[in-house]
Participant: 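Please find one structure pasted underneath; my questions will follow.
Reckoned from all heavy atoms, side chains included, excluding hydrogens, waters and symmetry mates. Numbers here simply count residues along the sequence, with the first being 1.
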Amino acid sequence: MNSHMSWRQPGRQVRTVALWSFPEDVLVETGAPDGSVLLLTRWGEIRVTDPDPTTVESLRRMSFGPVSLENVLRGVADGGVEDLRRRLAALLDRLQHVVVRSVGLDDGLGPWLSAVPLTPSASFRVAPPPADRPVWLSPAVQARRESGALVLEVPGGAYRVVLHRPDGGPLVEALAVPRTVAELTVAVGLPTTLVGEAVAHLLATGVAVAGAPTEPAAATSGDGQSAGRAHE
């Protein structure tokens, strides 16, 4: 069985996992005498002052790739988890222009989808997708293949979306026309939870839009082909 399709195992309950990381060009320096953490980004240096050990460890792990922050917090005593979670969330909100937000499955295979910031003003606000309104790809979206992944990007947009696994292609193809999340789930045969999370991330990045368009237009790849065909 293809490991990328492990969620298709009979009877398997699918759970999505929020993953966090820094882009590959962000360097994290720890060990400063004052305990601060220095982030070296394409837009300059960011110094995180007076971080607690859990925050330092979270930032360090994020420099290696997508990580579940809940796993990092798991080792914290129960009495301090909520306070640390709030502090870490506030910091990551301030750093969102250099933070990659990803969705994975509880299969240990890494991210299924990632939203990569492209501008210093990138702001990521994810919300549950509308249940009763159709969603579809922005007509301006361009698609391309990059190292085996399907990449979606709106020229001049604040985010790039990367679909890491083969089953992301059919979702993109299905989004070429307006569909509700329920209709998408039926069309692509993916778990409802995963489709909902994926759509929420596509909407948050501006790669997808909600509401039926007057004249649906297919997204195109860099060489002019439709985004739906770019996954082939």
Side-chain angles (χ1 to χ4, degrees), residues 1-21 66-71 74 85 89 92 96 99-116 124-139 141 143 148-154 159-213 216 218-219 226-232:
M1 179 179 291
N2 188 332
S3 61
H4 288 291
M5 299 296 189
S6 63
W7 57 264
R8 292 188 186 275
Q9 296 172 6
R12 176 173 174 78
Q13 297 298 312
V14 173
R15 183 175 68 89
T16 58
V17 180
L19 302 172
W20 306 69
S21 62
V67 61
S68 166
L69 297 181
E70 290 302 315
N71 286 344
R74 195 166 293 164
R85 184 180 284 115
L92 293 176
Q96 59 186 296
V99 171
V100 177
R101 298 285 297 272
S102 301
V103 175
L105 298 175
D106 60 346
D107 55 11
L109 296 177
W112 193 89
L113 173 152
S114 294
V116 184
F124 190 87
R125 293 287 183 266
V126 67
D132 57 348
R133 296 179 65 200
V135 295
W136 60 300
L137 286 181
S138 165
V141 166
L150 179 59
V151 180
L152 305 178
E153 190 173 338
V154 174
Y159 280 89
R160 162 189 306 135
V161 172
V162 181
L163 294 151
H164 301 275
R165 307 195 194 186
D167 45 359
L171 177 63
V172 172
E173 184 175 16
L175 282 167
V177 297
R179 301 177 196 261
T180 64
V181 171
E183 290 169 340
L184 282 170
T185 301
V186 172
V188 301
L190 293 171
T192 302
T193 303
L194 177 59
V195 173
E197 288 284 352
V199 169
H201 281 63
L202 292 171
L203 290 171
T205 58
V207 168
V209 293
S226 70
R229 291 186 57 81
H231 81 276
E232 298 176 354

Participant: W136 vs V209, test: side-chain contact (heavy atoms from CB on, under 4.5 Å). Steps then yes/no.
Facilitator: CA-CA 6 Å; W136 60 300; V209 293; 3.1 Å; yes
Participant: Evaluate the side-chain proximity of W112 to T16: yes if any heavy-atom separation is below 4.5 Å, no if none is.
Facilitator: no
Participant: Return the minimal non-hydrogen interatomic distance between V154 and G206, and the atom names on each side.
Facilitator: CG2-O, 3.9 Å
Participant: Looking only at side chains, do Q96 and R101 share a donor and an acceptor under 3.5 Å apart?
Facilitator: no
Participant: Which heavy atom of T180 sits nearest a heavy atom of E183, and at what distance?
Facilitator: N-OE1, 2.9 Å
Participant: With sequence neighbours left out, write down each residue that passes side chain to side chain donor-acceptor pair (under 3.5 Å) with R179, or none if nothing qualifies.
Facilitator: none
Participant: Taking the side chain as everything from C-beta on, heavy atoms only, tell me whether V172 gets closer than 4.5 Å to L150.
Facilitator: yes
Participant: side-chain contact (heavy atoms from CB on, under 4.5 Å) with A200: which residues, sequence neighbours excluded?
Facilitator: V126, P129
Participant: Would you say the side chain of L69 lies within less than 4.5 Å of the side chain of L92, judging by non-hydrogen atoms?
Facilitator: yes
Participant: Taking all heavy atoms of P130 and all of V181, pick out the closest pair and write down the distance.
Facilitator: O-CG2, 4.2 Å
Participant: Taking atom CG of L163 and atom CZ of R165, what is their separation to the nearest 0.5 Å?
Facilitator: 11.0 Å
Participant: Quick one: CG on L194 to CG on L113, what's the gap to the nearest 0.5 Å?
Facilitator: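 Rounded to the nearest 0.5 Å, the CG-CG separation comes to 8.5 Å.
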Participant: With L184, which of L175, T192, L190 fulfils side chain to side chain contact (heavy atoms under 4.5 Å, CB included)?
Facilitator: L175
Participant: Provide the closest heavy-atom pair for L203 versus A208 in the form atom of the first, atom of the second, distance.
Facilitator: CD2-O, 3.5 Å
Participant: So, using side-chain contact (heavy atoms from CB on, under 4.5 Å) as the criterion, who are the partners of V17 when residues are at least two apart?
Facilitator: R15, L19, S68, D106
Participant: Taking only residues two or more places apart in sequence or in another chain, which ones pass side-chain contact (heavy atoms from CB on, under 4.5 Å) with A89?
Facilitator: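 Testing A89 for side-chain contact (heavy atoms from CB on, under 4.5 Å), a comparison that skips the adjacent residues, returns none.
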Participant: Any side-chain heavy atom of L137 within less than 4.5 Å of one from V207?
Facilitator: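 SC-SC contact between L137 and V207 confirmed.
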Participant: For F124 and A115, which heavy atoms make the closest approach, and how far apart are they?
Facilitator: CE1-CB, 3.8 Å
Participant: Which pair of non-hydrogen atoms, one from P170 and one from V188, has the smallest distance, and what is that distance?
Facilitator: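 Shortest heavy-atom contact: O-CG1, 3.4 Å.
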Participant: How would you list all residue pairs meeting side-chain hydrogen bond (donor to acceptor under 3.5 Å, both in side chains) that involve residues 194-207, not counting sequence neighbours?
Facilitator: none
Participant: Name all residues meeting the side-chain contact (heavy atoms from CB on, under 4.5 Å) criterion together with R85; count only those two or more places apart in sequence or in a different chain, and write none if there are none.
Facilitator: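 R85: side-chain contact (heavy atoms from CB on, under 4.5 Å) contacts with E70, L73, V81, E82.
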